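Heads up, the thing below is written out as structure tokens.
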Number of protein chains: 2
Amino acid sequence: MPMRILIVEDNQALSENIYFYLSKEGYSCKQAFNYEQAIDELISTPFEIMVLDIMLPDGNGLDLLKKWKEEKPETGVLIISAKNSLDDKLTGLDWGADDYLTKPFHLPELNARVKAIYRRRNFNGNNMVEFNEITINPDNVEVFVNDNLLSLTRKEYELLLYFLVNKNRVLTKQSIAEHLWGEQIDLYDSFDFVYQHIKNLRKKLTQAGGKDYITTVYGIGYKFNTRIS
Amino acid sequence: MPMRILIVEDNQALSENIYFYLSKEGYSCKQAFNYEQAIDELISTPFEIMVLDIMLPDGNGLDLLKKWKEEKPETGVLIISAKNSLDDKLTGLDWGADDYLTKPFHLPELNARVKAIYRRRNFNGNNMVEFNEITINPDNVEVFVNDNLLSLTRKEYELLLYFLVNKNRVLTKQSIAEHLWGEQIDLYDSFDFVYQHIKNLRKKLTQAGGKDYITTVYGIGYKFNTRIS
DNA sequence: TATTATTCTGAAGACAATTTGAAGATTCTT
DNA sequence: AAGAATCTTCAAATTGTCTTCAGAATAATA
């Protein structure tokens with residue numbers, strides 16, 4: 001699933017654990033260690049779900065929750081907080097949090113709740129991503145072109161998903177790189193690897209009988225073009 | 001046991017609690033938060049048992065009960081409802097509910113009643129889990145491939161059952177580990193043991209004449225693939 | 001058309017994940 | 001407590017995937 005999770009937690013160790021765990025579960029995670037970073041991240045990238053600690057060094061998580069829910073109510077929010085702060089609990093749920101978890105907790109439970117939130121927000125049945133002859137089923141990590149199953153590598157899969165979610169939008173090589181490799185990519189990299197994966201993806205799609213919707217925008221990047229000639 | 005339970009309850013928090021608890025008990029649960037969702041779920045997937053709240057935002061649980069019992073009388077139904085609605089109680093049992101529980105209740109009690117319903121209904125029913133040449137009889141803990149009985153170890157058995165209940169869904173090594181070993185597994189484990197059991201299961205299945213439906217999804221996990229080439 | 005920047009391609013090596021067998025623990029049975 | 005079955009650990013071997021590189025092809029610019 002194209003599920004991005006923002007982890008807002010100032011405790012480094014805990015944050016790392018959550019990050020590690022959810023990443024292994026296949027989510028694409030990012031960390032923010034304080035209020036300000038969280039805002040920055042939220043503005044710059046869309047997230048489906050935010051795991052939010054109430055106590056932050058430079059602000060209250062509930063403020064963040066409230067503000068962000070006004071902005072983007074469709075974001076799922078899972079509050080995590082020290083136990084016994086029952087007031088927070090009430091307030092959090094009042095202000096639009098989807099669920100609440102008291103520390104300490106087991107990561108599998110966190111995962112279960114994240115999944116539950118995701119499921120809840122996704123009620124319109126099967127959450128296929130599709131366009132014309134291409135169909136992606138994120139649950140099964142399967143891609144079909146005209147009903148034949150494609151075997152894509154991980155990068156190819158994520159690349160295609162990224163394109164399909166951003167149809168007709170020009171994606172710079174840089175943003176592609178960031179999306180597929182996280183933030184630790186070097187700005188001055190050659191991006192050769194992007195070329196590679198674009199190439200492989202194009203090949204597999206066309207070989208399976210699909211059109212080549214991926215057009216290159218010279219000097220800028222690529223775009224999944226729904227109106228190709 | 002391949003027991004699937006549908007939880008029909010509009011209170012999010014309560015639903016989550018039930019979901020979490022029953023899942024931990026080894027049942028495979030799904031949630032529906034209103035009448036309509038419940039119908040959708042019931043139609044799309046078979047359930048052995050339904051935990052049903054009477055008061056739903058968009059309809060009366062008793063209607064649902066009545067309708068569904070006409071359709072599929074073998075489904076076990078446990079009614080949950082606010083206390084003192086004694087009328088409901090009588091009516092519910094009249095209309096075919098198997099048991100009744102008043103809110104608030106303790107989850108272990110819910111679990112006990114679910115178990116009881118299951119036991120009761122199991123006299124007549126063969127609740128086999130099967131796919132093509134593979135048949136699992138959870139009552140006897142027996143697995144057949146093309147009518148020859150397989151002798152699987154406990155882990156192998158549970159692994160296969162887990163796969164068969166989640167056909168075509170990608171299961172991460174992590175979730176497999178959690179499912180077979182409980183939640184206490186170490187995050188930084190190597191998951192070597194998962195590999196082992198996968199290997200053994202594959203071997204036994206193919207040696208017995210079955211196809212190798214278990215495909216590895218590189219970098220993510222495994223999946224029981226019903227559409228192997 | 002010549003020049004330059006950008007993209008595409010194939011091959012090779014680096015890297016990462018999975019598979020495997022063997023051996024050591026552990027659990028179960030008697 | 002002994003023996004058998006099962007589970008787990010470990011260390012190669014194997015396989016799959018990613019990245020790098022160098023040269024070819026293509027597009028933009030003048």
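Residue numbering restarts at 1 for every chain, and letters A, B, ... go by the order of the sequence lines. Because the structure is predicted, anything quoted here is derived from the model rather than measured.
Taking only side-chain nitrogens and oxygens, W181(A) comes nearer than 4.0 Å to OP1 or OP2 of dT19(D). Not one side-chain nitrogen or oxygen of H197(A) sits closer than 4.0 Å to the OP1 or OP2 atom of dT17(D).
Salt-bridge check for K103(A) with E9(A): passed, with a basic side-chain N closer than 4.0 Å to an acidic carboxylate O. Under a 4.0 Å N-O distance rule, the pair E158(B)/R154(B) qualifies as a salt bridge. Contact check on K223(B) versus E142(A) returns a salt bridge, with a Lys/Arg side-chain nitrogen under 4.0 Å from an Asp/Glu carboxylate oxygen. Salt-bridge formation is detected for the pair K69(A)/D98(A): a Lys NZ or Arg NE/NH1/NH2 atom is positioned less than 4.0 Å from an Asp or Glu carboxylate oxygen. Of the charged side-chain nitrogens involved, none lies within less than 4.0 Å of a carboxylate oxygen, so that E16(B) and R113(A) do not count as a salt-bridged pair.
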How does protein contact run along nucleotides 18-26 of chain C, one letter per nucleotide 5' to 3', with B for base contact, S for sugar-phosphate only, - for none, heavy atoms under 4.0 Å?
SBBBB----
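Atom-to-atom, CG of N200(B) to P of dA5(D) comes out at 15 Å; the value is rounded to the nearest Å. One can place CD of Q174(A) at 14 Å from P of dT6(C), the figure rounded to the nearest angstrom. In this entry the distance linking CZ of R154(B) with P of dT29(C) reads 10 Å, nearest Å. Computed from coordinates, the L152(B) CG to dC7(D) C1' distance equals 15 Å when rounded to whole Å. Atom pair L201(A):CG and dC8(C):C1' shows a separation of 15 Å (rounding to whole Å applied). The interatomic distance linking K223(A) (NZ) with dT7(C) (C1') rounds to 17 Å, in whole Å.
Side-chain contact annotation: N168(B) with T226(B), donor-acceptor N/O pair under 3.5 Å present.
One end of the helix from dT1(C)-dA30(D) to dT30(C)-dA1(D) points its axis 40° away from the other end's axis, with each axis taken from 5 pairs and the angle rounded to 10°.
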